[in-house]
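Please read the structure below before turning to the comments.
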Amino acid sequence: MIEYVWLIPLLPLIGFVINGILGRRLGKTLVSLIGCGTIGVSFLISVKILFELLSLPAEHRIIERVVFPWIYSGLFKVNVSFLLDPLSCVMILVVSGVGFFIHVYSIGYMGEDKGFARFFSFMNLFVFFMLTLVLSNNFLLLYLGWEGVGLCSYLLIGFWYEKKSASDAAKKAFIVNRIGDFGFALGIMLIFWTFGTLNYSDVFLQAPSILTLGGGLATAITLLLFAGAVGKSAQIPLYVWLPDAMEGPTPVSALIHAATMVTAGVYMVARCHVLFQLAPFTMGLVAVIGAVTALYTASIGMVQNDIKRVLAYSTISQLGYMFLGCGVGAFASGIFHLMTHAFFKALLFLGAGCVMHALSGELNMQKMGELKNKLPVTFWTMFAAVLAISGIPLFSGFFSKDEILWKAFSQGNLILWIIGLVTAGMTAFYMFRLFFLTFFGKSRVDESIKSHIHESPKIMIVPLMVLAVLSVIGGYIGVPKSLGGGNNFESFLSPVFGEKGEIALHPASTEYLLMALSVVVALLGIFFAYRFYIKSPDLPKSLAQRFSFPYKLLLNKYYVDELYFKIVVNPLLKFATFLWQFFDVKVIDGIANGLANTVNWFAGIGRKVQTGYVRNYALGMVFGVLLILAYFILR
């Protein structure tokens, strides 16, 4: 089956073409079967390939397959070819597996939407580009997938383009990503200029001999690549597009946050770990930006009332954790958290969609409450996801998050570890705040909606159940040795990141102590959420009034959007208006109109000469003859 790896991205592309061209004629049942079936078969092929890889010796688990020649121009040669190794295998399983369940859920969620076929067509295209991105064996094909997921995010965030807020959010996501992608493109160009090739294997093989450790060239390449990751994975300062992306349908939010788009930046940094390890400054920057982003966006998530925006800020924060892991050299830990996060974040978004479905589209958690018994399946599945993201023991997020914190601490990054630890407590607080406001307390639902509250149909509920199971058990593949496991996930990725025998810099008791401390911090976050929103529900309001300035600062997201508008957007708009009103209208149009007027003036003179009367032409000939005779006589 490894020989047919090209089928994994091809099938979703076929689904996109069929539903895109014939969707309106096929009917919703066939559109659903094609949209979900193509992703499902890609997932089954990915599972089969996983077992085939596992049957090979570790040193033989890196396989390249050329599909067809692509661009051949002089020394520049690039094929459409795929790299199959443990890292890409993990990614295709996450993208196709989680993507499949989101597609199935969408059948129910988008069932009444007039753009049903268009929706599944775009979703298939999204998965195709993401699979191309993670399977590519060269930077140009990676860039194709990279820009493709950016295009699809624009199409899906603005899916309901009739709403101005949706179309504005789509444009914001597209434009902000262009900033990071510009740096990313320059990084790829610099790689070709340096190595004369864009193939991963050739670049990574030559890198240690061409680039010097900590040298300017290595730093420049990795900084430019990381600029793309900052935009695509919504890190400071280019994170502002992701919360607004919630304007798209909820399954789109789940797909962007869990299986595609935002994970691309983390994957790219992990894939290019050979380059990043030669640039200690960039590695430090990756870790710092990741840690600061995690803390910063977690603080915003603590006071937001829109259920999807809380989850959006949560995603940005968790991505910060992943970059923290990559920045301290724990690339396998960063990918491990990417995988577990895909399970519980997809579940959280789909669960939020079920809540919205029951409440006629309501997003404000202050208008929810007392939904536990009315939405029992949604309640229990979301409970599993909330426990997982909060880092409670025995749930998937505990293993992956603590692995990152441990790696940060064991390598001497004490400040980054403290930031990660504090963020863990904040994460537990805002996630249980969301959970308590949604499912507990007195009902704050509008009276007109109360009588219609109901659980979602099975087509939406079953994906929640599967993802809930994965949110519970998904982390056991990476149980650390200190807890009696073999850290099989890291061992599986060792052919990619290198076999690193762990050096015991700290006794096992230290690791146990840090684990216990992170659990205590998480439990404190849960306790405060319970105290504020269950035990004393009036307390948050009184604290908000007492500490009005910090509360308003967090509620308004530190006014960063307003600041960007004032110092970036507004000046650019004014400059664009100047170019339009002066340069375009007066200069460009002036030149064009001036040329037209000049031609018109000469044409007017010509019209006076060309009268159409024979007598005038005869008179002209006489004058001409007289002028010629006068010339010769007087010469």
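The distance from the OG1 atom of Thr510 to the CG atom of Leu517 is 12.0 Å, given to the nearest 0.5 Å. For the atom pair OG of Ser88 and CZ of Arg61, the computed distance is 12.5 Å after rounding to the nearest 0.5 Å. Interatomic distance, Leu142 CG to Tyr267 OH, rounded to the nearest 0.5 Å: 7.0 Å. Note that the CG atom of Asn177 and the CZ atom of Phe184 stand 12.0 Å from one another [nearest 0.5 Å]. Atom CD1 of residue Ile71 and atom CZ of residue Phe76 lie 5.0 Å apart, to the nearest 0.5 angstrom.
Ion pairing between Arg178 and Glu147 holds under the 4.0 Å rule for side-chain N and carboxylate O.
The closest side-chain heavy-atom distance from Lys232 to Trp146 is below 4.5 Å.
Between the side chain of Asn138 and the backbone N or O of Leu198 there is no donor-acceptor pair closer than 3.5 Å. Side chain of Thr340 to backbone of Gly397: no donor-acceptor contact under 3.5 angstrom is found.
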Requested in this report: Please test Tyr296 against Tyr239 for ring-ring contact (aromatic ring centres under 6.0 Å, His included), starting from the C-alpha separation and ending with a verdict.
Outcome: CA-CA 11 Å; Tyr296 172 79; Tyr239 70 93; 5.5 Å; yes
Report task. For the pair Leu324 and Ile419, evaluate side chain to side chain contact (heavy atoms under 4.5 Å, CB included) and give the outcome as yes or no after the intermediate values. Result -> CA-CA 10 Å; Leu324 171 59; Ile419 292 175; over 6 Å; no
**Report entry** Phe398/Met515 under side chain to side chain contact (heavy atoms under 4.5 Å, CB included): CA gap, chis, key distance, verdict
**Finding:** CA-CA 9 Å; Phe398 165 76; Met515 283 185 190; 4.3 Å; yes
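Checked options Ile102, Thr315, Leu467; the residue passing with Phe349 is Thr315 (criterion: side chain to side chain contact (heavy atoms under 4.5 Å, CB included)). The only option from His341, His257, His337, Lys401 that meets the side chain to side chain donor-acceptor pair (under 3.5 Å) definition with Gln318 turns out to be His337.
Taking the six-membered ring for Trp and the full ring otherwise, the centers of Phe489 and Phe336 sit less than 6.0 Å from each other. Between Phe192 and Phe139, the distance separating the two ring centers is not shorter than 6.0 angstrom.
Using bins of under 30°, 30° to 60° and over 60° for the plane-to-plane angle, the ring pair His273/Phe331 lands in the tilted bin.
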